[in-house]
Amino acid sequence: MLKKINFISLGCAKNLVDSEKLMGALKLSGYNVSFESSKPSEIVIINTCGFINDAKEESVDTILQNVMLKKEGKVHTLIVMGCLSQRYKHELKSEIPEIDAVFGVNDFDALLHYLNASVKPSAYIARSQTTLPHYAYLKIAEGCNRTCAFCIIPKIRGKHISFPIEDVVAEATMLAENGVKELLVIAQDTTFYGVDLYKKQELAVLLKKLTKIEGIEWIRLHYTYPASFPADVLKLIAEEPKICKYIDIPLQHISTRVLKSMNRGIDKEKTIKLITKIRKTIPDVAIRTSFIVGYPTETEKDFKELCLFIEEMKFDRVGVFQYSHEEGTPAYIYGDKKSDKVKQKRFDILMALQNEISEEINILKHGKIYKVIIDTVFNDTYVARTAYDSPEVDNEVLINSKKKLIPGQFYSVKIFASDAYTLFGEVLEN
Ligand code: SF4
């Protein structure tokens, strides 16, 4: 039996959790599994992303790199799974015949059967964690019931399926037993949690249960949806010390006309009301959001409206995406109306605007003391994060310390300098 597997995971954290679960099951089935190793492996599994053009290109490039390794005899079996193959199964098979097997997004059983693996991934099977040992993504549902006009995910991942509360809690407990202190709660739409399974939004109930898990100190909520945002979640975040005062809420746009054409189910007025309510309920909350520029129906006036909104709202963190014209999405009928030049120009304007805002917000942190967790260390420089910063996407706190600090441990740090994306701090004696 071929033994060595190299697992490559592309795309979002939800894909990463799928990869970690599969890797855990393959290890328990007797395979020697490495993650994104440069060493040759008999079997390579690529968990692809097929969301937007850039992601598709990255997935195809990664496949072709491994086709090369196969031609050089360094790889025996090449397996492709995930969103790109869910979307383009036939094209992949016909255009890249060197691929030995193609699986979709929820084809775990078929893939494991193909590899004669006996163990099935589940909430009760140890994941092969790929993140730093002290934090992990906790996926609470699959799929999405929303119909955002620019988005192909519901077509790829199917309808929203909430994972049972007891399964999610069991998985989180196992992660905590393995040393995880910070849980990043994710799904396509976390606020929809429970509607299918329990006939009502149960995110607050789930989060409350997660706060009871010994060893978990930080719980961070990602991918919330603005329309029908559950009020009990805001109240819980405000009350529960373990839940980070942090909300990730992609808004995509602010012009009511564009939001309508995007089929977002919310308008400008309600969006502003929600942000105001979030800030009133959780006074020191950090809000991360993201916007799409260059959407087919977006006019220069709509774009100006968006700039003004970002200037007024002063979000802690903003991600900007250039519209990607995806066949199979409702917005495809509009045609890709905005040139790459216009998309790039609007992208640059928003990024520059937010850069200034992030700089201003970070200056207000000077002299303040924060609880931070140490992520990594380079020589005497420690890279840490506050409870207001999610891994890989938000601020890093850089700390120069002669005193040895332990990755995964919490420390009190006083901020003395900053730039738009970095805080500089000194560790305080506990
Ligand atoms: S909420 Fe909208 S953007 Fe997000 S996955 Fe669902 S359809 Fe796509």
Side-chain angles (χ1 to χ4, degrees), residues 10-18 47-56 59 82-84 86-87 104-106 137-163 184-197 201 203 221-230 233 247-256 258-267 270-271 274-275 278 287-298 306 317-334 390 393:
L10 304 173
C12 66
K14 287 145 274 183
N15 235 20
L16 186 65
V17 172
D18 292 351
N47 190 1
T48 60
C49 179
F51 176 40
I52 53 175
N53 283 335
D54 294 355
K56 290 190 279 187
S59 293
C83 292
L84 186 80
Q86 180 76 29
R87 203 172 166 191
V105 287
N106 291 317
Y137 294 99
L138 186 68
K139 183 176 171 180
I140 63 173
E142 178 58 278
C144 187
N145 281 20
R146 307 282 177 181
T147 53
C148 307
F150 51 81
C151 184
I152 195 68
I153 292 175
K155 280 237 173 79
I156 295 176
R157 294 252 159 192
K159 284 286 177 205
H160 180 104
I161 300 171
S162 302
F163 302 159
L184 296 110
V185 176
I186 61 171
Q188 302 300 352
D189 171 5
T190 49
T191 37
F192 200 85
Y193 181 78
V195 176
D196 55 317
L197 199 51
Q201 290 173 303
L203 181 58
L221 187 55
H222 278 271
Y223 303 106
T224 63
Y225 194 88
S228 55
F229 194 107
V233 169
I247 290 192
D248 168 31
I249 181 169
L251 295 173
Q252 311 299 7
H253 215 284
I254 194 57
S255 140
T256 292
V258 175
L259 286 169
K260 195 159 187 307
S261 145
M262 284 180 165
N263 211 16
R264 291 285 289 175
I266 193 168
D267 63 14
K270 289 201 180 88
T271 302
L274 174 61
I275 302 298
I278 290 175
I287 299 180
R288 154 170 279 280
T289 187
S290 55
F291 298 102
I292 293 176
V293 292
Y295 184 75
T297 61
E298 182 189 55
L306 180 57
R317 193 74 47 217
V318 167
V320 183
F321 296 89
Q322 298 183 32
Y323 171 70
S324 180
H325 197 49
E326 297 298 328
E327 85 279 353
T329 62
Y332 200 69
I333 51 161
Y334 297 130
S390 196
V393 289

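Since the model is a prediction, treat every value here as computed from it, not as a measurement. Start at 1 and go down the list; that is how both ligands and their atoms are numbered.
Geometrically, Arg146 does not engage Phe192 in a cation-pi contact defined by less than 6.0 Å to the ring centre and at most 45° from the axis.
No part of Tyr223 comes within 4.0 Å of ligand 1, judged by heavy-atom distances. Contacts with ligand 1 closer than 4.0 Å are made by side-chain heavy atoms of Cys144 only, the backbone lying farther away.
Close approach to Phe150 involves these atoms of ligand 1, each under 4.0 Å from a residue heavy atom: 3 (S). The distance from ligand 1 to the heavy atoms of Tyr225 drops below 4.0 Å at these ligand atoms: 1 (S). Each of the atoms 7 (S) of ligand 1 lies under 4.0 Å from some heavy atom of Pro154. With ligand atoms numbered from 1 in the order given, ligand 1 contributes 3 (S), 5 (S), 7 (S), 8 (Fe) to contacts under 4.0 Å with heavy atoms of Cys151. Those atoms of ligand 1 that come under 4.0 Å of a heavy atom in Cys148, given as number and element, are 2 (Fe), 3 (S), 7 (S).
Using bins of under 30°, 30° to 60° and over 60° for the plane-to-plane angle, the ring pair Tyr295/Tyr334 lands in the perpendicular bin.
Checked for salt-bridge contact, Glu327 and Lys155 miss the test: no charged N lies under 4.0 Å from a carboxylate O.
Of all the heavy atoms in Ser162 and Gly194, the pair that sits closest is OG-N, 2.8 Å.
Protein heavy atom at the shortest distance from atom 4 (Fe) of ligand 1 is Gln188 O, 4.1 Å.
Using a distance-only test at 3.5 Å, with no hydrogens or angles considered, no donor-acceptor pair links the side chain of Ser290 to the main chain of Val318.
At a cut-off of 3.5 Å, with distance as the only test, no side-chain donor of Ser59 or Thr48 sits close to an acceptor on the other residue.
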